**Student:** 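Here it is, the structure in full.
Quick caveat, the model's predicted, so the values are computed rather than measured. Note on naming: letters A, B, ... go to the chains in the order of the sequence lines (proteins, then strands), and numbering restarts at 1 for each one.
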Protein chains: 2
Amino acid sequence: MQNKVEELRKCIGLNQEDLAKALKVSRQTISSIETGKYNPSLELAFQISDFFKKPIEEIFIYERGCENEKR
Amino acid sequence: MQNKVEELRKCIGLNQEDLAKALKVSRQTISSIETGKYNPSLELAFQISDFFKKPIEEIFIYERGCENEKR
DNA sequence: CATTTACGTAAAGGTAACTTTACATTTATT
DNA sequence: AATAAATGTAAAGTTACCTTTACGTAAATG
């Protein structure tokens, strides 16, 4: 899943460490999310969403497999 | 974190097993989410969102601590 | 050139999310 | 009363998320 955390973070002139502090997670967590090592938990996604004041869907891009429109 | 999975599921007349199959997870995962045992991963939250055709924020209610409007 | 700042990454460990299997309970049906 | 359908739950195992500590590197600064 792609995300715009790095872009949004740089947009407001923060480094990873400061964003990490603001979100109360480790810098490695931010780094790992930005580099796509793993996705945040739903809770952390909400915190990030709140911080940037954007909906989760605008920050995290879920790649929908074009599998005949499930359902 | 609260969620409306059970409500939305019943609204379309599905049982936990059928929803689980549609989402390709186990029935226990659905049960655990509905009873609040744990939150889904962000990926599963997106799948659930897609399935019910509602944004994540309308299905999962993140309890924001009233901590002086972080940031 | 030496130091600082920012970032990536790796190892080791803890907890959360998810699995399969299985059993118990409740509600409905026959 | 017996059976089936739907749900809750528990145990044991795997993988993902997140932590602390730490090291390497590249770019900027003194």
**Student:** Tell me which pairs pass ring pair (Phe, Tyr, Trp, His ring centres under 6.0 Å) where either residue lies in residues 3-28 of chain B, with sequence neighbours left out.
**Tutor:**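 For residues 3-28 of chain B: none.
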
**Student:** Which residues pass the side-chain hydrogen bond (donor to acceptor under 3.5 Å, both in side chains) test with A/K4, not counting sequence neighbours?
**Tutor:**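 side-chain hydrogen bond (donor to acceptor under 3.5 Å, both in side chains) check on A/K4 returns nothing, list empty.
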
**Student:** For a 4.0 angstrom threshold against heavy atoms of chain B, report the outermost contacting nucleotides of DNA chain D in 5' to 3' order.
**Tutor:**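 Range of nucleotides touched by chain B: D/dA6 to D/dA10.
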
**Student:** For the helix from C/dC1-D/dG30 to C/dT30-D/dA1, what is the angle between the axes at its two ends, each from 5 pairs, rounded to 10°?
**Tutor:**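 Axis-to-axis angle, ends of the helix: 20°.
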
**Student:** Which residues pass the salt bridge (charged side-chain N to carboxylate O under 4.0 Å, His left out) test with A/E57, not counting sequence neighbours?
**Tutor:**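 Per chain and number, A/E57 pairs via salt bridge (charged side-chain N to carboxylate O under 4.0 Å, His left out) with no residue.
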
**Student:** Taking side-chain hydrogen bond (donor to acceptor under 3.5 Å, both in side chains) as the test, write out the residues that go with B/Q16, two or more places apart.
**Tutor:**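 Expected list: B/E34.
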
**Student:** Taking distance alone, no hydrogens or angles, what donor-acceptor pairs closer than 3.5 Å link side-chain atoms of residues 35-45 of chain A to residues at least two apart or in another chain?
**Tutor:**
| residue | atom | partner | partner atom | Å |
| --- | --- | --- | --- | --- |
| A/T35 | OG1 | A/S31 | O | 2.9 |
| A/T35 | OG1 | A/S32 | O | 3.4 |
| A/S41 | OG | A/L44 | N | 3.1 |

**Student:** Going by the rule ring pair (Phe, Tyr, Trp, His ring centres under 6.0 Å), which residues pair with B/F60 if we only count those two or more places apart in sequence or in a different chain?
**Tutor:**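 Once residues adjacent in sequence are excluded, B/F60 has no partner under the ring pair (Phe, Tyr, Trp, His ring centres under 6.0 Å) criterion.
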
**Student:** The criterion is side-chain hydrogen bond (donor to acceptor under 3.5 Å, both in side chains); which residues satisfy it with B/S49, sequence neighbours excluded?
**Tutor:**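 Scan of B/S49 (side-chain hydrogen bond (donor to acceptor under 3.5 Å, both in side chains), adjacent residues dropped) gives none.
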
**Student:** Using every non-hydrogen atom in the two residues, find where A/L19 and A/F51 come nearest and quote the distance to one decimal.
**Tutor:**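 Shortest heavy-atom separation between A/L19 and A/F51 comes out as CD1-CE2, 3.6 Å.
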
**Student:** When you check every protein heavy atom under 4.0 Å of nucleotides 12-30 of chain C, what one-letter string (B, S, -) results, 5' to 3'?
**Tutor:** -----SBBBBB--------

**Student:** Sequence neighbours excluded, which residues qualify as side-chain hydrogen bond (donor to acceptor under 3.5 Å, both in side chains) partners of B/K54?
**Tutor:**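 For B/K54 there are no side-chain hydrogen bond (donor to acceptor under 3.5 Å, both in side chains) partners, ignoring immediate neighbours.
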
**Student:** At their closest point, which heavy atom of A/I33 faces which heavy atom of A/N3, and how far apart are they?
**Tutor:**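 It is O-ND2, 3.0 Å.
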
